[in-house]
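Accompanying notes for the structure given below.
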Amino acid sequence: MSDITVAHAQKFAADYYMLSEQKDSRFSAFVRNDPDFMNIQAKVAHYNRIGNVEMRDRTTRNADTPIMDVPHSRRRISMTDKEFGALVDKNDAVRLMANPTNAYVMKAVRAANRERDRVILTAVDGTAKSMDSDDAATDVALPAGQKIAVDGTGLTLDKILESSEILGVNEADDDQEFVWAIGPKQRTDLFGLTEFKSADFNGQKPMVIGANKNTIIWMGFTFKVSNLLTLSGTSRLTKAWAATAIGFARGLSAEPKVYPRGDKSLNVQILIEEVMGATRVEDELVLQTACLE
């Protein structure tokens with residue numbers, strides 16, 4: 001019997017199917033994007049800080065003018081280099097129904113957006129560098145008073161109210177925008193709260209944005225769902241912060257480059273690079289909340 005199976009036709013798609021992934025940066029809009037820090041030519045950048053001062057009583061007439069110390073401090077951003085590169089062999093390209101170059105570029109941009117979020121999220125509750133007048137660095141951990149323990153529960157109303165209370169004690173301004181990075185499980189916790197679902201408890205209805213409900217605005221926070229948060233044992237370390245509290249610096253923006261390489265037989269190189277860094281500028285406007293999963 002003849003083996004005709006070798007002549008069976010094979011059908012391939014004329015384009016590439018892009019697997020699901022986070023496409024855009026979810027937290028770049030929630031940091032300090034100061035113009036002076038968007039194209040720096042240095043290995044480090046600094047945020048100069050001025051602490052609080054108080055008045056004092058004048059107890060005698062014609063007293064000397066008081067000269068008081070105004071506390072100054074600095075936080076350092078160390079710049080890190082990030083890159084992605086891929087090659088498209090021109091001999092492969094002529095044998096393919098669909099040239100993968102554009103797909104590679106798109107994937108590289110998405111990877112850069114996620115990396116930007118990782119840098120920001122690491123800075124939120126990571127170790128900040130405080131610099132003295134001799135340019136010596138001191139590690140600054142997020143204070144214990146800015147952390148809410150897991151307490152055997154997920155994301156609860158009590159934890160949200162406690163977060164608001166801490167920020168109130170720390171004199172958070174009404175016009176400051178606060179984002180809260182949560183995981184998918186915390187979104188489920190949020191949607192399950194009676195106070196969230198019922199209009200009886202809400203002066204303003206929660207706002208849910210996007211088909212996948214990745215953005216929720218409620219109780220003074222913009223909750224953003226992310227899969228980049230750390231899982232510590234069975235606790236997801238969620239993070240909330242004011243946009244003014246996180247400094248971000250960029251030395252080289254993530255602009256994709258596509259060009260032939262002479263050392264690779266003129267095969268096409270896809271390259272995307274970014275030089276960036278972030279730091280916590282103000283501890284009092286940052287919170288870490290552990291949620292059971």
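Note: hydrogens, waters and symmetry copies are ignored here, and every other heavy atom, side chains too, is used.
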- How far apart are the C-alpha atoms of Phe248 and Ser28, what are their side-chain angles, what is the distance that settles it, and do they pass the side-chain contact (heavy atoms from CB on, under 4.5 Å) test? CA-CA 9 Å; Phe248 183 80; Ser28 292; 5.8 Å; no
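- At least one side-chain heavy atom of Ile216 sits under 4.5 Å from a side-chain heavy atom of Phe191.
- Separating the CG atom in Asn113 from the CZ atom in Arg118 is a distance of 11.0 Å, to the nearest 0.5 Å.
- With sequence neighbours excluded, no residue forms a side-chain contact (heavy atoms from CB on, under 4.5 Å) with Asn102.
- Here Lys213 contributes atom NZ and Thr188 contributes atom OG1; the two are 11.0 Å apart, rounded to the nearest 0.5 Å.
- Lys239 and Asp125 get closest at one heavy-atom pair: NZ-OD1, 2.8 Å.
- To the nearest 0.5 Å, atoms CZ (Arg76) and NZ (Lys129) are separated by 9.5 Å.
- When the side-chain hydrogen bond (donor to acceptor under 3.5 Å, both in side chains) test is applied to Glu293, the partners found at least two apart in sequence or on another chain are Gln186, Arg236.
- Residues satisfying the side-chain hydrogen bond (donor to acceptor under 3.5 Å, both in side chains) criterion with Gln22, sequence neighbours excluded, are Asp117.
- Scanning all heavy atoms of the two residues, the minimum distance from Ser25 to Arg116 falls at CB-NH1, 4.0 Å.
- A salt bridge between Asp64 and Arg58 is absent, with no side-chain N of the basic residue lying under 4.0 Å from a carboxylate O of the acidic one.
- Within the structure, every pair that satisfies the ring-ring contact (aromatic ring centres under 6.0 Å, His included) test and touches residues 45-86, not counting sequence neighbours, is listed here: Phe37-Tyr47.
- A distance-only check finds a donor-acceptor pair linking the side chain of Arg280 to the backbone of Val124 [under 3.5 Å].
- Of all the heavy atoms in Ser163 and Phe221, the pair that sits closest is CB-CZ, 4.0 Å.
- Between the CD atom of Glu83 and the CD atom of Glu115 there is a distance of 11.5 Å, given to the nearest 0.5 Å.
- Other residues, nucleotides and ligands contribute only 12 or fewer heavy atoms inside 6.0 Å of the NZ atom of Lys43.
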- Task: Could you walk me through whether Phe223 and Thr215 pass the side-chain contact (heavy atoms from CB on, under 4.5 Å) test, one step at a time?
- Result: CA-CA 6 Å; Phe223 295 90; Thr215 302; over 6 Å; no
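- Under the 4.5 Å side-chain criterion, counting only non-hydrogen atoms from C-beta, Pro71 is in contact with Val53.
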- Message: For a side-chain contact (heavy atoms from CB on, under 4.5 Å) check, start with the C-alpha distance between Leu161 and Met219, then their side-chain angles and the critical distance, and finish with the verdict.
- Response: CA-CA 8 Å; Leu161 292 174; Met219 295 287 289; 3.4 Å; yes
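- At a cut-off of 3.5 Å, with distance as the only test, no side-chain donor of Arg26 or Ser226 sits close to an acceptor on the other residue.
- Linking ILVMFWY residues whenever their side-chain heavy atoms come closer than 4.5 Å, directly or via other members, leaves Val105 and Leu87 in distinct clusters.
- A salt bridge does not link Glu273 with Lys82: every distance from a Lys NZ or Arg NE/NH1/NH2 to an Asp or Glu carboxylate oxygen is 4.0 Å or more.
- Linking Ile, Leu, Val, Met, Phe, Trp and Tyr residues whenever their side-chain heavy atoms come within less than 4.5 Å leaves Ile272 and Met79 in two separate clusters.
- Under the 4.5 Å side-chain criterion, counting only non-hydrogen atoms from C-beta, Thr279 is in contact with Val281.
- Atom CG of Leu229 and atom OG of Ser235 lie 12.5 Å apart (nearest 0.5 Å).
- The two residues Ile77 and Gly277 make their nearest non-hydrogen contact at CG2-C, 3.3 Å.
- Scanning all heavy atoms of the two residues, the minimum distance from Ile40 to Ala249 falls at CD1-CB, 4.2 Å.
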- Full working for side-chain contact (heavy atoms from CB on, under 4.5 Å) between Arg74 and Arg49: CA-CA 6 Å; Arg74 285 187 297 159; Arg49 314 188 315 160; over 6 Å; no
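- Taking 4.5 Å as the limit, every side-chain heavy atom of Ile148 sits out of range of all side-chain heavy atoms of Gln288.
- Between the side chain of Thr153 and the backbone N or O of Val150, at least one donor-acceptor pair lies under 3.5 Å.
- Counting heavy atoms from C-beta on, the side chains of Phe27 and Leu121 come closer than 4.5 Å.
- Among residue pairs with one or both ends in residues 173-182, those qualifying as side-chain hydrogen bond (donor to acceptor under 3.5 Å, both in side chains) are Gln176-Thr244, Trp180-Thr238; sequence neighbours excluded.
- Of the possible polar contacts, none joining the Asp57 side chain to the Thr59 backbone as a donor-acceptor pair under 3.5 Å is found.
- Between Lys159 and Glu162 there is no salt bridge, since none of the side-chain N atoms of the basic residue sits less than 4.0 Å from a carboxylate O of the acidic one.
- With a 4.5 Å cut-off on side-chain heavy atoms, Pro256 and Ile270 do not count as touching.
- By the rule that hydrophobic residues join a cluster once side-chain heavy atoms approach within less than 4.5 Å of another member, Ile166 and Ile182 end up as members of one cluster.
- With 3.5 Å as the limit, one finds a donor-acceptor pair spanning the side chains of Asn214 and Arg187.
- Looking only at distances, no side-chain donor or acceptor of Asp189 sits under 3.5 Å from a matching main-chain atom of Gly154.
- Atom CG of Asp263 is surrounded by more than 12 heavy atoms from other residues, nucleotides or ligands within 6.0 Å.
- Using a 4.5 Å heavy-atom threshold, the side chains of Leu292 and Thr234 count as touching.
- Val44 belongs to no hydrophobic cluster with other residues, because no ILVMFWY side-chain heavy atom falls under 4.5 Å from its own, directly or through intermediates.
- By the 30° and 60° cut-offs, the orientation of the rings of Phe196 relative to Trp218 is perpendicular.
- In this structure, Met55 places its CE atom where only 12 or fewer heavy-atom neighbours from other residues, nucleotides or ligands lie under 6.0 Å away.
- Asp81 places no side-chain N or O within 3.5 Å of a backbone atom of Val275 that could act as its donor or acceptor partner.
- At least one side-chain heavy atom of Arg114 sits less than 4.5 Å from a side-chain heavy atom of Glu21.
- Separation of atoms CD (Glu195) and CG (Leu190) is listed at 10.5 Å; rounding is to 0.5 Å.
- At least one donor-acceptor pair under 3.5 Å links the side chain of Trp241 to the backbone N or O of Phe30.
- Hydrophobic clustering (ILVMFWY, side-chain heavy atoms < 4.5 Å, transitive): Val140 and Leu142 are in distinct clusters.
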- Message: Before you tell me yes or no, could you show the steps for Asn170 and Glu284 under side-chain hydrogen bond (donor to acceptor under 3.5 Å, both in side chains), namely the whole-Å CA-CA distance, both residues' side-chain angles and the distance that decides it to 0.1 Å?
- Response: CA-CA 6 Å; Asn170 292 341; Glu284 292 77 11; over 6 Å; no
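- Checking Asn267, Val258, Thr101 one by one against Val88, the side-chain contact (heavy atoms from CB on, under 4.5 Å) holds for a single residue, Thr101.
- Heavy atoms of other residues, nucleotides or ligands lying less than 6.0 angstrom from CG of Asp69 number 12 at most.
- Closest heavy-atom contact between Tyr104 and Ala86: CD2-CB, 4.1 Å.
- Salt bridge annotation for Arg75-Glu282: absent, with no cationic side-chain nitrogen under 4.0 angstrom from a carboxylate oxygen.
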